[in-house]
Enquirer: 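To start, I am sharing the structure in question, which I have written as structure tokens.
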Amino acid sequence: MYTIKEADSPSMWQLTARLIHELAVYENLENLCSATTDDIEKLFSDNLLHALIAFNETGEAAGFLTYFYMLSTFRGKKIAYMD
């Protein structure tokens, strides 16, 4: 069973930054991941980046989803891009 929490605090933003870096290492793309923890925290604090983090039964982060909003001029609506 997993618990899903929104990354809504600086400590969660730092955790998201760590998970992003760990994913880059896992995908062997570390050389492309130049974002620092401060960069990621700034995106959160500017309300540009959002994330959900899954925690396992022991409270360890087990996965994450990042998303941000864009505008569709064709639809005239706000849409979300999820990664």
Enquirer: With distance as the sole test, does D46 use its side chain to make a donor-acceptor pair with the main-chain N or O of L48 at under 3.5 Å?
Expert: no
Enquirer: Tell me whether I40 shares a hydrophobic cluster with L32, the cluster being built from Ile, Leu, Val, Met, Phe, Trp, Tyr side chains joined at under 4.5 Å.
Expert: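 Result: no, two separate clusters.
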Enquirer: With a 4.5 Å heavy-atom cut-off, do K5 and M12 have their side chains touching?
Expert: yes
Enquirer: Side chain to side chain contact (heavy atoms under 4.5 Å, CB included) between I4 and I53: does it pass, once the steps are laid out?
Expert: CA-CA 6 Å; I4 307 295; I53 302 175; over 6 Å; no
Enquirer: Decide whether L52 and F55 are clustered together by the hydrophobic rule: side chain heavy atoms of Ile, Leu, Val, Met, Phe, Trp, Tyr closer than 4.5 Å, transitively.
Expert: no
Enquirer: Going hydrophobic residue to hydrophobic residue with side-chain gaps under 4.5 angstrom, can you get from L19 over to Y67?
Expert: no
Enquirer: Is it true that K42 and D38 have a side-chain N and a carboxylate O under 4.0 angstrom from each other?
Expert: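 Looking at K42 and D38, the cut-off is not met.
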Enquirer: Among the clusters formed by ILVMFWY side chains lying less than 4.5 Å apart, do F68 and I79 turn up in the same one?
Expert: yes
Enquirer: For the residue pair Q14 and T37, what are the closest heavy atoms and their distance?
Expert: CG-CG2, 3.9 Å
Enquirer: What are the two closest heavy atoms between N31 and N28, and how far apart are they?
Expert: OD1-O, 4.3 Å
Enquirer: Please lay out, stage by stage, how F44 and L49 fare under the test side chain to side chain contact (heavy atoms under 4.5 Å, CB included).
Expert: CA-CA 5 Å; F44 277 111; L49 180 65; 3.8 Å; yes
Enquirer: Checking W13 side chain against A7 main chain: does a donor-acceptor pair fall under 3.5 Å?
Expert: yes
Enquirer: Please give me the minimum heavy-atom distance between F64 and L23, naming the atom from each residue.
Expert: CZ-CD2, 4.1 Å
Enquirer: Run the side chain to side chain contact (heavy atoms under 4.5 Å, CB included) check on M82 and T66 step by step: do they pass?
Expert: CA-CA 6 Å; M82 293 179 241; T66 58; over 6 Å; no
Enquirer: What's the shortest heavy-atom distance between M1 and E57, and which atoms?
Expert: N-OE2, 2.8 Å
Enquirer: In Å, rounded to the nearest 0.5 Å, how long is the span from OG1 of T16 to NE2 of H21?
Expert: 14.5 Å
Enquirer: Distance from C33 atom SG to E27 atom CD, nearest 0.5 Å?
Expert: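 It is 11.5 Å, given to the nearest 0.5 Å.
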